[in-house]
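For reference, the structure is listed below as structure tokens.
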Amino acid sequence: MSARAWTLSVEDREKLIQGAFEGKKGSYSPYSKFPVGAAFITSDGTIIKGANIENASYGGTICAERTAIVKAVSEGIRSFIGLAVVTNVNSAVSPCGFCRQVIREFCSLDMPILLVPGDYPQQLAPGEERKPGYTEGGVRETTLGELLPDSFGPEHLELPRK
């Protein structure tokens, strides 16, 4: 994992994580039984929460990350400094590929993404070492660029063409 300077304060990090847990409460997941919560944070500290909303047609389902970003963008918010995602699984679960591409539209490749275990905060057993890329509470800290390497973004549409 590459070294980086995190842009989130300890307070914003915790606010973001709690926002993801709050977002998960709104999940409508009667088919998969896999509730997901997501929260984005803006530079002014605003938290935008989302949950996965399933549909009997399956294809009409929308993930928590896209729910949150669509809520924000439809209200004119298009700049984010962090994202947290949580499920009921007791390990880090990453956004799906479709969500990663939608996030790419509005977020920088170095934006922090916190993948939060469902049993957050996890405690290390005596003598246990934290896994690389994981921080306090069992959170996997990554970036959009690490989750979506060599991605296609809006800037590519501005490149010269024949």
Side-chain angles (χ1 to χ4, degrees), residues 1 6-8 10-43 45-123 130-149 151-153:
M1 181 176 292
W6 290 103
T7 56
L8 297 176
V10 172
E11 296 81 19
D12 281 347
R13 181 184 186 276
E14 192 58 32
K15 191 167 129 177
L16 187 58
I17 290 169
Q18 291 310 312
F21 275 101
E22 290 170 18
K24 186 174 65 154
K25 292 176 186 174
S27 173
Y28 176 74
S29 47
Y31 308 106
S32 72
K33 311 271 189 283
F34 196 86
V36 180
F40 283 91
I41 188 168
T42 65
S43 58
T46 301
I47 300 289
I48 300 99
K49 299 174 270 192
N52 56 324
I53 309 298
E54 296 180 350
N55 187 283
S57 73
Y58 297 117
T61 294
I62 185 167
C63 301
E65 300 89 336
R66 286 184 286 137
T67 297
I69 211 162
V70 166
K71 284 171 56 177
V73 171
S74 69
E75 295 297 323
I77 302 168
R78 295 189 172 97
S79 180
F80 309 95
I81 63 167
L83 166 66
V85 179
V86 67
T87 69
N88 286 346
V89 175
N90 292 339
S91 61
V93 175
S94 183
C96 73
F98 194 14
C99 286
R100 293 175 195 199
Q101 188 62 48
V102 172
I103 295 165
R104 172 68 167 88
E105 185 73 17
F106 299 99
C107 301
S108 68
L109 291 171
D110 63 353
M111 183 186 78
I113 296 180
L114 310 176
L115 306 177
V116 184
D119 62 348
Y120 174 84
Q122 294 178 341
Q123 302 297 319
R130 191 172 286 131
K131 292 187 283 187
Y134 287 75
T135 59
E136 290 180 32
V139 175
R140 178 170 175 232
E141 293 190 353
T142 188
T143 65
L144 180 57
E146 288 173 345
L147 293 178
L148 192 63
S151 64
F152 181 83

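In what follows, every heavy atom counts, from backbone to side chain, and hydrogens, waters and symmetry copies are set aside.
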Between N52 (side chain only) and S29 (backbone N and O only), is there a donor and an acceptor less than 3.5 Å apart? no

CZ (R104) and CZ (F152) are apart, to the nearest 0.5 Å, by 9.0 Å

Which residues pass the ring pair (Phe, Tyr, Trp, His ring centres under 6.0 Å) test with F80, not counting sequence neighbours? F40

Side chain of T67, backbone of A51: donor and acceptor closer than 3.5 Å? yes

Please evaluate residues E65 and V102 with respect to the criterion side-chain contact (heavy atoms from CB on, under 4.5 Å), reporting the C-alpha separation (whole Å), side-chain torsions for both, the decisive distance (0.1 Å), and the verdict. CA-CA 9 Å; E65 300 89 336; V102 172; over 6 Å; no

Output the distance between atom CZ (F98) and atom CD1 (I103), rounded to the nearest 0.5 Å. 11.5 Å

Pairs of donor and acceptor atoms involving the side chains of residues 89-96, under 3.5 Å and at least two apart or interchain, shall be tabulated with distances.
unit_1, atom_1, unit_2, atom_2, d
N90, OD1, D119, N, 3.2
S94, OG, R100, NH2, 2.7

Count the heavy atoms belonging to other residues, nucleotides or ligands that lie under 6.0 Å from CD of E105, then report whether that count exceeds 12. yes

Under 3.5 Å, side chain of K15 to main-chain N/O of G45, donor-acceptor pair present? yes

Can you measure from CG (L83) to CG (L147) and round to the nearest 0.5 angstrom? 9.0 Å

Residue pair A68 / A38: nearest heavy atoms and the distance that separates them: CB-O, 4.4 Å

Please check this pair: side chain of T143 against backbone of P112, looking for a donor-acceptor N/O pair closer than 3.5 Å. no

Can you give me the closest heavy-atom contact between I69 and C107, atom names plus distance? CD1-SG, 4.5 Å

Okay, side chain of K71, backbone of K49: is any donor-acceptor separation there less than 3.5 Å? yes

Please walk me through it: do Y120 and I17 pass side-chain contact (heavy atoms from CB on, under 4.5 Å)? CA-CA 9 Å; Y120 174 84; I17 290 169; 3.7 Å; yes

Keeping the roles fixed (side chain from E54, backbone from Y31), state whether a donor-acceptor pair exists under 3.5 Å. yes

Do the side-chain N and O atoms of K24 and N88 include a donor-acceptor pair separated by under 3.5 angstrom? yes

Rounded at 0.5 Å granularity, tell me how far CE in M111 sits from OG1 in T142. 10.5 Å

Here the gap from L144 atom CG to S151 atom OG, rounded to the nearest 0.5 Å, amounts to 6.5 Å

Okay, side chain of E22, backbone of G37: is any donor-acceptor separation there less than 3.5 Å? no

G19 versus I47, closest heavy-atom pair with distance: CA-CG2, 4.1 Å

I41 and its side-chain contact (heavy atoms from CB on, under 4.5 Å) partner, picked from T46, I81, I48: I81

Rounding to 0.5 Å, atoms CZ (R140) and OG1 (T135) come to a distance of 11.5 Å

